[in-house]
Trainee: 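Have a look at this one before I ask anything.
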Amino acid sequence: MIFTESLRKNQQFQICYKNGKSYGSKLFVMYVLENGTDRNRIGISVSKKVGNSIVRHRVKRLVLENYRLQEKMFNSGLDIVVIARPGAATASFVEVERALMFLGNGLNIIKK
RNA sequence: GACGCAGAACAGGUGAUCGCGGCUGUCGCAAGACAGGUGAGGAAAGUCCGGGCUUCGCAGGGCAGGAUGCCGGAUAACGUCCGGUGGAGGUGACUCCCAGGCCAGUGCAACAGAAAAUUACCGCUUCGGCCACCGGCCGGAGUAAGGGUGAAAAGGUGGUGUAAGAGACCACCGGCCGUAUGGUAACAUGCGGGCCGUGUAAACCCCAUCCGAAGCAAGACCAAGCAGAAGGGUUAAGGUCUGCCCGACCGUCCUUCAGGUGGGUCGCUUGAUGCGGCCGGUAACGGUCGCACUAGAUAGAUGAUCACCCCGGAGCGCAAGCUCUUAGACAUAACCCGGCUUAUCGUUCUGCCGAACAC
RNA sequence: AGGGCUAUAGCCAAAUGGUAAGGCAGCGGAUUCUGAUUCCGUCAUUUGGAGGUUCGAGUCCUCCUAGCCCUG
C-alpha cells in the first residue's frame with residue numbers, strides 16, 4: 001500500500017477512540033481522526049467475541065484487502081480504526097466492500 | 001456384494017489478474033525498485049505429561065509435597081508405545097479395563113435390620129419346674145438349618161449325620177496355605193492340607209520407583225537515555241531455587257514515591273530430522289547405507305476476484321447424461337522435539353470377519 | 001508463558017458420600033370493602049457436559065465446555 005501504514009500501539013487506538021468521529025453499521029464500527037500528516041494509518045480490531053483465530057484473521061484480511069483496492073478513493077491524513085462486530089464473522093467480500101463504502105460516505109472521507 | 005473390524009495415506013486441483021513475509025541475485029549513497037525461487041497442520045488447537053536447550057547460590061543431606069502403580073520389553077524420557085497375564089464384552093475379526101496392599105494401623109458403612117463385625121429378633125431341639133385334656137407358661141442348656149431387612153449377613157449346592165443342628169464329615173465349585181511342574185515374570189496347571197474377621201484405599205494411609213527450580217518475555221550482546229528522595233532492618237535479617245530444617249556461599253538488603261527506556265542483533269531452526277533399501281527383533285524399536293534440506297513472522301506474513309475440472313445437494317431421465325446451486329469439515333506455526341486428549345465434511349488403499357441380510 | 005477460581009430454580013445462594021436447605025421473584029389461596037403488610041401452599045425428572053469408582057455421587061477421579069481473575 002502506497003499511502004498507508006498500520007496502527008500498532010494501544011495508545012494510538014485509545015487516542016482515536018477518545019477524539020475521533022465514529023460511525024457504525026451492522027458489521028463494523030469506524031473511528032476516524034486527522035493525524036496531521038499526508039499519510040493514512042489504518043488499524044483493525046477484531047475481538048475474541050467475533051470468533052476463533054481463523055475467523056478473526058479472515059475478517060482482518062478482508063477489511064485490509066478492500067481498503068487496499070479502494071485506497072485512492074479515501075482522503076489522506078487520517079487515522080482510521082475499524083472494529084468488527086460479531087456479525088462480520090460470516091460476511092463475504094462483497095458485503096464487506098458495501099459496509100466500508102457506507103461508513104466512508106457517512107464520515108465524509110471518500111473523495112467525490 | 002453390502003454391513004462390520006483393524007491399519008495407513010490424503011485434506012480439493014489447474015490457470016489468469018491484483019496483493020503480503022523471509023531468502024538469493026542485479027541496480028542504487030540510501031530509502032527502495034526489478035527478477036527468480038520459497039512460505040502453516042493432522043491436529044499447528046487444549047496446554048495434560050515427558051525430554052532437549054538456557055539461566056539460577058549451578059556442590060550437598062533430610063523432612064514435607066507431588067507423580068506413577070499386574071509382568072516383561074522399547075525409549076533421551078514419559079502418565080506414551082509394544083508383547084504377554086488376569087477380568088469384561090462381541091457369533092467373529094477384534095475391542096475395553098488408574099488391574100499393588102484392608103492377616104501395619106486408623107476411619108466410614110445412611111435408612112432398614114436382632115446384628116454392618118466376635119451378632120441372636122422370630123425360631124428349632126432338649127432338660128427341670130408349674131398348670132394340666134390336646135397342650136401352654138417360666139427358667140437353664142445346645143444351635144445357627146429356616147424366616148424377615150439390606151447393596152452387602154461369617155463359604156455355595158447336594159448328601160451323610162444329629163435331640164435339633166453345624167465343614168462335624170463327604171462330592172463338586174469358590175477362596176486360603178503349602179508344594180511340584182511350565183514360564184525371565186505376572187501367572188497357569190496338578191497334588192496335599194483345610195474352611196480362616198464383609199466391603200471401601202478414584203477414604204486417610206502403607207510399600208516400591210521417580211522428581212532441584214524457573215522458563216525463549218529463558219538468556220547473551222549492542223545502542224540510546226535518566227535523578228534521585230524518604231522510611232525500615234543491620235549480626236541475624238536479607239539475597240528469583242513454590243514450603244520447612246541442616247549445611248555451605250555473598251556482603252548490604254527491603255519497602256514506598258519519583259525518573260529513564262520500552263529500539264536493534266543473536267538465540268532461530270541441520271534435527272533423538274524426513275524418505276527409501278538391507279539386516280536384527282513376534283512387535284514397539286534398533287543398526288547400517290544412500291538421498292534430501294522443507295516457514296521463521298515480531299501487533300505478527302498464505303488473501304481476494306474470475307474460469308474450468310472434481311466432490312456434495314436438488315430437479316429431469318430406464319440409463320448414459322443434462323440443468324441449477326454450493327466452494328466446502330475442524331482449525332493458523334511463534335524455541336524445538338516425543339506422546340496424550342479433544343474437534344473434524346469427506347475420499348482412497350490394504351488386510352481380516354461370517355451371527356443375521358441380498359445374489 | 002505460568003498459575004488460580006467458579007458453574008446448583010428466573011435471581012442470590014446452602015449442603016460431612018446417604019430425602020437437593022433458605023431467601024427474593026412468580027403462581028394459587030386466606031385475611032381486607034379494595035390494595036399494601038402478614039400467613040399458608042406450590043415451583044429442580046439434566047446440580048455446565050461426557051465417562052468412571054462406589055450399594056449409592058451436587059460432593060471422589062479423569063477428560064471436555066463456558067465465564068472470570070492473578071503474575072510477568
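Because the structure is a prediction, the values reported are computed rather than measured. Residue numbers begin at 1 in each chain, while the letters A, B, ... track the order of the sequences.
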Trainee: With a 3.5 Å limit on both atom pairs, tell me what B/C5 is paired to, counting Watson-Crick and G-U wobble, or say none.
Mentor: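 Pair assignment: B/C5 / B/G351.
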Trainee: If anything within 90° of 0 is syn and all else is anti, what is B/G42?
Mentor: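 The base of B/G42 is oriented syn (glycosidic angle within 90° of 0).
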Trainee: Consider only side-chain N and O atoms of A/Tyr31 and A/Asp79, and report whether a donor and an acceptor are under 3.5 Å apart.
Mentor: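 The answer is no; no qualifying pair exists.
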Trainee: Is any side-chain N of the basic residue among A/Arg98 and A/Glu95 closer than 4.0 Å to the acidic one's carboxylate O?
Mentor: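 Salt bridge flag = no for A/Glu95 with A/Arg98.
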Trainee: Rounded to whole Å, please give me the gap between CZ in A/Phe93 and C1' in B/U17.
Mentor: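 Rounded to the whole Å, the gap is 13 Å.
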Trainee: Let's see if you can work this out: which of B/C18, B/A301, B/A304 has an atom nearest to the side-chain heavy atoms of A/Arg68?
Mentor: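 Taking heavy atoms from C-beta onward, the closest nucleotide is B/C18.
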Trainee: Could you tell me the separation between the CD atom of A/Glu97 and the P atom of B/A304, rounded to a whole number of Å?
Mentor: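 Value for this atom pair: 14 Å.
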Trainee: Syn or anti for B/A40, please, going by whether the chi angle lies within 90° of 0.
Mentor: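 Syn.
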Trainee: Check every atom of B/U332, B/C18, B/U305 against the side chain of A/His57 and return the nucleotide holding the closest atom.
Mentor: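 Closest nucleotide among those given: B/U332.
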Trainee: Taking OH from A/Tyr67 and P from B/C20, how many angstroms apart are they, rounded to a whole number?
Mentor: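 Result: 14 Å.
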Trainee: Under a 3.5 Å limit for both distances, which nucleotide forms a Watson-Crick or G-U wobble pair with B/U332, could you say?
Mentor: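 Base partner found: none.
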Trainee: Tell which nucleotide pairs with B/C34, taking only Watson-Crick or G-U wobble pairs whose two distances are both under 3.5 angstrom.
Mentor: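 Because both required distances fall under 3.5 Å, B/C34 counts as paired with B/G25.
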Trainee: How far does the C1' atom of B/U269 sit from the matching atom of B/G290, given to the nearest Å?
Mentor: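 Straight-line distance between the two C1' atoms is 25 Å.
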Trainee: Between A/Glu65 and A/Ile54, which is nearer to the 5' end of RNA chain B once each is assigned its nearest nucleotide?
Mentor: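 First, find each residue's nearest nucleotide; the 5'-ward one identifies A/Glu65.
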Trainee: Kindly indicate whether the side chain of A/Leu64, heavy atoms from C-beta on, has any atom under 4.5 Å from the side chain of A/Ile42.
Mentor: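 With C-beta onward as the side chain, the pair touches.
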Trainee: Just the rounded figure in Å: distance from C1' of B/A301 to NZ of A/Lys60.
Mentor: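 These atoms are roughly 11 Å apart.
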Trainee: Between A/Arg58 (CZ) and B/A329 (C1'), how many Å, whole number?
Mentor: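 Rounded to the whole Å, the gap is 15 Å.
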Trainee: Strictly by Watson-Crick or wobble contacts shorter than 3.5 Å, is anything paired with B/G317, and which nucleotide is it?
Mentor: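 Paired with no nucleotide.
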Trainee: Mind checking who B/U342 pairs with, Watson-Crick or G-U wobble, both distances under 3.5 Å?
Mentor: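 With both distances under 3.5 Å required, B/U342 matches none.
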Trainee: Where does B/U55 land, syn or anti, once you apply the within-90°-of-0 test for syn?
Mentor: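 Judged by the O4'-C1' to base torsion, B/U55 sits in anti, the angle falling more than 90° away from 0.
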Trainee: Can you tell me the distance, in whole Å, between the CZ atom of A/Arg56 and the P atom of B/G303?
Mentor: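 After rounding, the gap between these two atoms is 17 Å.
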